[in-house]
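To find a chain, count down the sequence lines: A is the first, B the second, and so on, and within it residues start at 1.
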Amino acid sequence: MNFWLVKSEPDSFSLEDLQSRPNATEMWDGVRNYQARNNLKSMKQGDQVFFYHSSCKVPAIVGIAEVVREHYLDPTASNPDHSGFDPKHSEEKPKWYAVDVQFKQAFKSPITLSWIKQQKELQDISLISKGSRLSVMPIDAKHWEYIVARAR
DNA sequence: GCCAACGTTGGC
DNA sequence: GCCAACGTTGGC
């Protein structure tokens, strides 16, 4: 099993929004960065995902989701009315993908970015590596364990 | 709102 | 293929 982190602005889609979806499941679409997309394609069913709230008052990992459907064509890339429309994307020549994620758990106390930065055990986590703005990134098992242990 | 750190685009 | 200009992300 692998571990990941996805970012979302809570104003547009929060962990609570995911929890309130039918079956607590939502399509994770709109990824338009090649490196993030490659990470998305590497996700396997059952992989565990940190849900991170970005661009908000207290940026933090707020809970856990699970990959319940592996990558498939991102329908928003084929929709001219969608902001993520990409004319170079097609079924014949796919560029962009989505996965389905399901809500698993909301942390009682979110793991804040500022706390993460203070932990010497987390200094090499991808989230705070220099200039990392990826919306989908892998998380080392040891970092996952350390954060989950704190969040319980 | 500022700005650093990217990624992308497009002229050449 | 280079690189300047531009757009985006996201913390602060």
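- When the side chain to side chain contact (heavy atoms under 4.5 Å, CB included) test is applied to R150(A), the partners found at least two apart in sequence or on another chain are I111(A), W115(A).
- To the nearest angstrom, C1' of dG10(C) lies 8 Å from CD of E9(A).
- Using a 4.0 Å cut-off, no side-chain N or O of K7(A) falls inside it from OP1 or OP2 of dT9(C).
- Rounded to an integer number of Å, the gap from CE of M137(A) to P of dT9(C) is 14 Å.
- Looking at residues two or more places apart in sequence or on another chain, you find no salt bridge (Lys or Arg N to Asp or Glu O under 4.0 Å) involving D124(A).
- Residues that satisfy the side-chain hydrogen bond (donor to acceptor under 3.5 Å, both in side chains) test with E121(A), not counting sequence neighbours, are Y146(A).
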Enumerate all atom pairs, one protein N or O and one N or O from nucleotides 2-8 of chain B, separated by less than 3.5 Å.
residue: dA5(B); atom: N3; partner: R133(A); partner atom: NH1; Å: 3.0
residue: dC6(B); atom: OP1; partner: K130(A); partner atom: O; Å: 3.4
residue: dC6(B); atom: OP1; partner: G131(A); partner atom: O; Å: 3.3
residue: dC6(B); atom: O2; partner: R133(A); partner atom: NH1; Å: 3.1
residue: dC6(B); atom: O2; partner: R133(A); partner atom: NH2; Å: 2.7

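- Applying the side chain to side chain contact (heavy atoms under 4.5 Å, CB included) rule to V148(A) yields the partners F50(A), I64(A), W144(A), R152(A); only residues at least two apart in sequence or on another chain are considered.
- Put simply, CG on L134(A) is 13 Å from P on dG11(C), counting in whole angstrom units.
- For N38(A), there are no side chain to side chain contact (heavy atoms under 4.5 Å, CB included) partners two or more places apart in sequence or in a different chain.
- Within residues 112-124 of chain A, the residues having any heavy atom under 4.0 Å from DNA chain C are, by residue number, L113(A), K117(A).
- Partners of Q102(A) under the side chain to side chain contact (heavy atoms under 4.5 Å, CB included) rule, at least two apart in sequence or in another chain, are N23(A), A24(A), T25(A), V68(A), K104(A).
- Among pairs with a residue in residues 2-24 of chain A, those fulfilling salt bridge (charged side-chain N to carboxylate O under 4.0 Å, His left out) read R21(A)-E26(A), at least two apart in sequence or across chains.
- Atom C1' of nucleotide dG11(C) and atom CG of D11(A) are separated by 15 Å, given to the nearest angstrom.
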- CA sep, side-chain torsions, deciding dist, call: D86(A), K95(A), salt bridge (Lys or Arg N to Asp or Glu O under 4.0 Å): CA-CA 9 Å; D86(A) 183 351; K95(A) 274 180 73 182; 2.8 Å; yes
